[in-house]
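Lettering follows sequence order; numbering is per chain, from 1. Excluded from the calculations below are hydrogen atoms, water molecules and symmetry mates; all remaining heavy atoms, backbone and side chain alike, are included.
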Number of protein chains: 2
Amino acid sequence: MSDNDLESTQRRIIEAAGIMFAERGFESTTVRDICQEAGANLAAVNYHFGDKERLYIETVLRAHRWCIEKVKLPGWDETTPATQKLADFIITFFGRVLSDPGDVWQPRLVLREVLHPTAACAELARSSIRPEFEILNGILRELLPDDISEEELHLTAFSIVGQCLFYFFADGVIRSLIVADEYASHDVEKLARHVTNFSLAAIQARANAHQPAALLEEVER
Amino acid sequence: MSDNDLESTQRRIIEAAGIMFAERGFESTTVRDICQEAGANLAAVNYHFGDKERLYIETVLRAHRWCIEKVKLPGWDETTPATQKLADFIITFFGRVLSDPGDVWQPRLVLREVLHPTAACAELARSSIRPEFEILNGILRELLPDDISEEELHLTAFSIVGQCLFYFFADGVIRSLIVADEYASHDVEKLARHVTNFSLAAIQARANAHQPAALLEEVER
DNA sequence: AATTGATTGAAACAGATGTTTTAATCGCAT
DNA sequence: ATGCGATTAAAACATCTGTTTCAATCAATT
């Protein structure tokens, strides 16, 4: 009954449920499938967790704690350049997006819940995503001109996470658009490098255009 | 019984089904809900369409035809600059992504099917998305250096559509991250302008970096 | 007006799914 | 060994959902 008993029925159920919830969602996953996969009796879910929804909440909470524990940003100090922070942020983000399904299901379940919150976990979804958003905004504030509007800051942040998340939610589309070899060659480092270069180029162009922009207009007149 | 009879039961069922399929997906939408919303009898779906799946296919096919008809790229000629083509592509793409749910459900249903293809419509999803992908690749080939790799071309295309689609699939997240006024101020023109500027800046930086890159390496040695 | 085919309405059916019940079994302290 | 609480097993239950059935109704034609 210990929480750390790797062979306990609860553990096996959480593991099976996590994989299936992450892959097919709450509604499309049946209690029977979970129990069969976990090698447990049909009544085990209700006995150990009360009902299916409480099992789901428990699974999402554990997945969230797992992510906080395992997928961490590296430590920064005051000498770390903002460009490095952005690169770190993006590669960490990709670590979740591209986690192997099946083996590591926790980030996928959390991402699914964040993108399409269940009523039960809506609050967790909000509270888990906001700090990351603020970290990214902080990095971008260092990279962009001081007088940038909050709105443009947010649009820039959305552009970055949008690029990353695309590989998560459009995985099937990507697989059908490019040849198998190219798809297989996608990995965290390569994709993170592309998104970092692409975004930094756009950000630095925006930063450089800030002051000279007025001058250029003068010239054109 | 006419296909254009706006008051026919088929029409009302397709309209109700489209809205609900687009919003909640195939599995989470029940035949009973559709018929109630359409003011039709429970047996109407099976009588007019055979079964629920064939109703779904018919609804997706009509939505797809509607999109081809209504959401079109403007005409280009050989004098149209590639930057303009990219701007056109992005704003057209946003026209689908940000369509008003409820009133205009067709683009959302097609997007949903493209991102998470049902077995029944997988082929349609693939065949409808590939031409758009090739159009975007063509535009990017004009903007990027000639010797760009296919892979980098594709990654750049993914960066652009990823930014656009983010506003589609992460709508709930966005709403919870920014204040209501800012969310309400999002419209097709503004978002398309941001994504276009962001992406063009990144692309042009990449184009300019192409030749000088080797020189810079020389200098560093 | 009568007939015929298409459509609609109401009820029932069959299968799947979450939950509950009740008895059997296991682990362990006494 | 015994008794007891925790766990598991098997079956049944209740509800939901897609589908079918069959009679009633409607619309158009003769």
Identify which nucleotide among D:dA9, C:dA12, C:dT7 has an atom closest to any side-chain atom of B:Arg32, counting heavy atoms from C-beta outward.
-> C:dA12

Which whole-number value in Å describes the distance from A:Met20 CE to C:dT17 P?
-> 11 Å

Between C:dA11 atom P and B:Asn41 atom CG, what is the distance in whole Å?
-> 11 Å

Given atom OH of A:Tyr47 and atom P of D:dG5, what is their separation to the nearest angstrom?
-> 12 Å

Describe the nucleic acid contact of A:Thr29 in one word from base, sugar-phosphate, nothing, applying a heavy-atom distance below 4.0 Å.
-> sugar-phosphate

Whole-Å distance between D:dT17 P and B:Gln36 CD?
-> 12 Å

Out of D:dT21, D:dG18, D:dA9, minimum distance to the side chain of A:Ala43 belongs to D:dA9

Starting at CZ of A:Arg54 and ending at C1' of C:dT19, how long is that distance when rounded to a whole Å?
-> 12 Å

Give a yes or no on whether a salt bridge exists between A:Arg24 and B:Glu27, defined as a side-chain N under 4.0 angstrom from a carboxylate O.
-> no

Can you check whether B:His48 has a side-chain N or O nearer than 4.0 Å to OP1 or OP2 of C:dA6?
-> no

Please state how far atom CD1 in A:Ile13 lies from atom P in D:dT8, giving the value in whole angstrom units.
-> 8 Å

Does the pair A:Arg141/A:Glu150 count as a salt bridge with the N-to-O cut at 4.0 Å?
-> yes

Considering only C:dT17, C:dA12, C:dG9, which nucleotide approaches the side chain of B:Leu42 most closely?
-> C:dA12

Should A:Arg108 and A:Glu113 count as an ion pair when the cut-off is N to O under 4.0 Å?
-> no

A:Phe133 and A:His154: aromatic ring centres closer than 6.0 Å?
-> yes

To the nearest angstrom, how far is B:Arg11 atom CZ from C:dT7 atom P?
-> 15 Å

Aromatic ring proximity A:Tyr56/A:Phe49, centre distance under 6.0 Å = no

Can you tell me if the side-chain N/O atoms of A:Thr9 get under 4.0 Å from OP1 or OP2 in D:dT8?
-> yes

Please report, rounded to the nearest Å, how far the C1' atom of D:dT17 is from the CG atom of B:Asn46.
-> 11 Å

